[in-house]
Amino acid sequence: MEISLALLKPHVVRNTYALQQLKTQIETNFNILAAKDLRITKELSECFYAEHKDKFFYYRLTSLMQSGFCYAFILQSESCIQKWRNLMGPTKVFRAVYTEPECLRSLYGLSDTRNACHGSDSTVSALREIAIVFPEFDISRVASQSK
Ligand SMILES: Nc1ncnc2c1ncn2[C@@H]1O[C@H](COP(=O)(O)OP(=O)(O)OP(=O)(O)O)[C@@H](O)[C@H]1O
């Protein structure tokens, strides 16, 4: 069974209806190993999105992540990474709206940056991101099964 990190971004967490809809989708589709709301600091957001350091949207993205509470999940299922990314839909919301109108980013995203949610893109990323967001989680419990 694979694991992944899902993050709901602050504009979703502020919207009670959107938050409930996303939580329901997650609870329906995945085994949840851990979940919590958290305030992402400047340091945490810069560490989390280090790969985008040189992108034009880096400041916008890290600022968004610091702008309120996020909600984080460690998900587990068969093909968990791709399954969550399929539910989220395309990164760019305008594309999501045209190509996958029922996906989560189409329904709850507001812009390319405020695209509702995040999902790990590989097992290596999932393990790195879980260690950042859930330092208290004992990853060795599940890591060997998630290769
Ligand atoms: N062109 C862009 N303009 C503004 N923000 C962007 C743009 N591309 C990506 N982002 C923001 O950066 C985040 C990370 O981008 P990345 O290319 O890794 O997309 P992703 O893998 O689909 O998304 P995520 O990593 O959040 O699941 C996106 O979720 C989005 O918030």
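Atoms within each ligand, like the ligands themselves, are counted from 1 in listed order.
Counted by atom type alone, T62 and E46 present zero donor-acceptor pairs between their side chains at under 3.5 Å.
Aromatic ring pairs are classed by plane angle as parallel below 30°, tilted from 30° to 60° and perpendicular above 60°; the pair Y71 and F73 is tilted.
The side-chain heavy atoms of S4 and F30, taken from C-beta on, include no pair separated by under 4.5 Å.
In the candidate list M88, H118, H52, H52 is nearest to atom 14 (C) of ligand 1, counting heavy atoms. Atom 7 (C) of ligand 1 has its nearest heavy-atom neighbour, among Y58, W84, F57, in F57.
With H52 as the partner, the ring-ring contact (aromatic ring centres under 6.0 Å, His included) test is satisfied by one option alone out of Y58, F57, Y59: F57.
Listed by atom number, the atoms of ligand 1 under 4.0 Å from R105 heavy atoms are 22 (O), 23 (O), 24 (P), 26 (O), 27 (O), 29 (O). The distance from ligand 1 to the heavy atoms of R85 drops below 4.0 Å at these ligand atoms: 20 (P), 21 (O), 22 (O), 27 (O). The atoms of ligand 1 that sit less than 4.0 Å from any heavy atom of L61 are 12 (O), 13 (C), 31 (O). Residue-ligand proximity, K92 to ligand 1, at heavy-atom distances under 4.0 Å covers atoms 1 (N).
Taking CG of L5 as the start and CG of D121 as the end, the distance is 11.5 Å to the nearest 0.5 Å. Atom OG in S125 sits 7.5 Å away from atom CD1 in I81 (nearest 0.5 Å).
In terms of protein heavy-atom proximity, atom 5 (N) of ligand 1 is nearest to T113 OG1, 2.9 Å.
At a heavy-atom distance under 4.0 Å, atoms from both the backbone and the side chain of D112 approach ligand 1.
In summary, the aromatic rings of H118 and F48 are positioned with their centroids under 6.0 Å apart.
Assignment of E51 to the shell around ligand 1 is not supported, since no heavy atom sits closer than 4.0 Å. Heavy atoms of N115 approach ligand 1 to within less than 4.0 angstrom. Look at R114 and you'll find every heavy atom at least 4.0 Å from all atoms of ligand 1.
Here's the thing with T91: one of its N/O atoms is less than 3.5 angstrom from an N/O atom of ligand 1.
Checked by atom type and distance alone, the side chain of D112 never pairs as donor or acceptor with a backbone atom of K92 at under 3.5 Å.
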